[in-house]
Amino acid sequence: MARKFFVGGNWKCNGTSEEVKKIVSTLNQAEVPSEDVVEVVVSPPFVFLPLVKSVLRSDFHVAAQNCWVRKGGAFTGEVSAEMLVNLGIPWVILGHSERRALLNESNYFVGDKVAYALSQGLKVIACVGETLEQRESGSTVAVVAEQTKAIAEKISNWDNVVLAYEPVWAIGTGKVATPAQAQEVHAELRKWLYDNVSAEVATSTRIIYGGSVNGANCKELAAQPDVDGFLVGGASLKPEFIDIIKSATVKKN
């Protein structure tokens with residue numbers, strides 16, 4: 001079964017109501033490949049989730065950028081998976097490198113978060129990736145395998161998981177992993193799933209790339225056999241996000 005191309009837009013901590021409406025308006029007017037070719041998910045900040053969900057075209061979906069590791073309660077400032085479900089938000093991004101680095105989220109904490117979100121019926125974009133130091137020391141594969149293992153140990157069903165490989169050194173820096181570098185890590189991740197989870201999960205799980213993806217480099221990256229889409233940062237706030245969505249057609253040719 002062919003893996004459906006997946007394009008996620010992570011808006012991070014950006015936007016005002018007016019800017020958000022403008023971005024959505026651009027997306028709503030865009031001519032993009034149909035839903036059977038590409039799955040598109042955008043992830044605005046928490047405060048704009050209801051607004052975006054109410055005005056966004058029906059063939060695109062919405063993701064939160066995080067959620068709490070267990071049921072809600074006395075956790076000031078957190079948002080629970082149950083709240084997202086209640087709002088009809090289908091997706092959540094978990095384990096983004098910015099949260100791992102800035103908020104000290106450990107592999108195990110991310111694994112717990114993924115498991116809890118799935119248990120509540122959310123679909124998860126689970127992020128893994130190495131720092132520049134780790135890449136230069138040759139430990140890229142070990143690092144992403146360890147991050148993936150922490151998730152695999154907590155979940156049994158991968159149907160609602162998209163794995164996002166985001167080399168930390170390429171996020172927002174303008175440095176992009178070459179298509180060959182991206183393909184190499186994606187292939188290693190797929191092999192890890194094959195060896196440690198199952199052949200079926202390895203074949204069906206989408207592994208997407210994130211790290212300074214833009215309109216200029218997306219087609220070449222999309223052509224790699226194990227790159228099943230993108231998690232886009234800065235470019236998802238710009239009209240070129242539409243070009244990135246269109247790169248899904250590379251897989252059809």
Side-chain angles (χ1 to χ4, degrees), residues 3-4 6-10 12 39 41-43 46 49 61-73 75 77-130 141-168 171 185-186 188-190 192-198 200-211 228-231 233:
R3 296 181 295 269
K4 189 194 289 189
F6 184 99
V7 178
N10 177 10
K12 305 192 179 183
E39 185 167 8
V41 173
V42 296
S43 188
F46 282 130
L49 283 171
H61 299 287
V62 182
Q65 295 176 16
N66 178 46
C67 67
W68 182 235
V69 66
R70 58 180 79 94
K71 197 173 191 300
F75 307 108
E78 288 296 332
V79 172
S80 71
E82 290 87 348
M83 291 173 185
L84 297 177
V85 171
N86 179 252
L87 285 179
I89 306 298
W91 285 91
V92 63
I93 299 170
L94 294 173
H96 193 280
S97 66
E98 286 155 6
R99 297 193 63 84
R100 290 178 186 263
L102 301 172
L103 296 152
N104 298 318
E105 293 195 0
S106 70
N107 291 348
Y108 304 105
F109 188 62
V110 173
D112 284 339
K113 278 187 158 187
V114 172
Y116 191 77
L118 290 171
S119 78
Q120 297 307 304
L122 291 172
K123 298 177 189 181
V124 175
I125 300 164
C127 304
V128 301
E130 84 285 9
V141 174
V143 168
V144 297
E146 199 59 33
Q147 291 169 333
T148 308
K149 179 175 177 243
I151 296 167
E153 284 175 341
K154 299 281 169 65
I155 72 173
S156 54
N157 186 335
W158 285 75
D159 290 352
N160 289 327
V161 179
V162 169
L163 205 52
Y165 167 58
E166 297 203 300
V168 180
I171 297 174
V185 180
H186 283 232
E188 288 287 353
L189 279 168
R190 206 172 297 288
W192 190 92
L193 290 173
Y194 187 95
D195 293 341
N196 297 279
V197 184
S198 74
E200 188 188 4
V201 165
T203 306
S204 62
T205 300
R206 291 173 291 183
I207 305 175
I208 63 176
Y209 171 78
D228 302 316
F230 302 113
L231 184 56

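None of the values given here were measured: they were computed from a predicted structure.
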Distance, nearest 0.5 Å, that separates [atom1] of [X] from [atom2] of [Y]:
X	Y	atom1	atom2	answer
Trp158	Leu118	CH2	CG	9.5 Å
Lys12	Glu98	NZ	CD	3.5 Å
Thr148	Leu163	OG1	CG	5.0 Å
Tyr116	Glu82	OH	CD	3.5 Å
Trp91	Ile125	CH2	CD1	5.5 Å
Glu105	His96	CD	NE2	11.0 Å

Give me the atom names and distance for the closest heavy-atom approach of [X] to [Y].
X	Y	value
Ser97	Val168	CB-CG2, 3.6 Å
Leu122	Ile89	CD2-O, 3.1 Å
Ala164	Leu231	CB-CD2, 4.1 Å
Arg190	Thr203	NH1-O, 4.3 Å
Leu49	Ala63	CD2-O, 3.4 Å
Val92	Ala117	CG1-CB, 4.1 Å

side-chain contact (heavy atoms from CB on, under 4.5 Å) between Met83 and Trp68, intermediate numbers included: CA-CA 10 Å; Met83 291 173 185; Trp68 182 235; over 6 Å; no
side-chain contact (heavy atoms from CB on, under 4.5 Å) assessment of Val124 paired with Ile155: CA-CA 12 Å; Val124 175; Ile155 72 173; over 6 Å; no
Any side-chain donor near an acceptor of the partner, Lys113 and Asn66, under 3.5 Å: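 Yes - a donor-acceptor pair under 3.5 Å links their side chains.
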Kindly say whether [Y] contributes a backbone atom to a donor-acceptor pair with the side chain of [X] at under 3.5 angstrom?
X	Y	value
Gln65	Ser43	yes
Asn10	Gly233	no
Glu130	Val144	no
Arg100	Cys127	yes

More than 12 heavy atoms from other groups under 6.0 Å of CD on Glu200: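 No - once you tally the heavy atoms of other residues, nucleotides and ligands closer than 6.0 Å, there are 12 at most.
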Residues, nucleotides or ligands: over 12 heavy atoms within 6.0 Å of Tyr108 OH: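 Atom OH in Tyr108 is not crowded, with 12 or fewer foreign heavy atoms closer than 6.0 Å.
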Side chain proximity check, Leu84 to Phe46, heavy atoms < 4.5 angstrom: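 The answer is yes; the side chains approach within 4.5 Å.
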Phe6 and Asp228, any side-chain heavy atoms less than 4.5 Å apart: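 No, side chains not in contact.
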Plane angle bin for Tyr209 and His186 - parallel if under 30°, tilted between 30 and 60°, otherwise perpendicular: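 The arrangement is tilted - the two ring planes meet at 30° to 60°.
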Basic-acidic side-chain contact under 4.0 Å: Lys4, Glu39: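 Between Glu39 and Lys4 there is no salt bridge, as every charged N stays at least 4.0 Å from the carboxylate O atoms.
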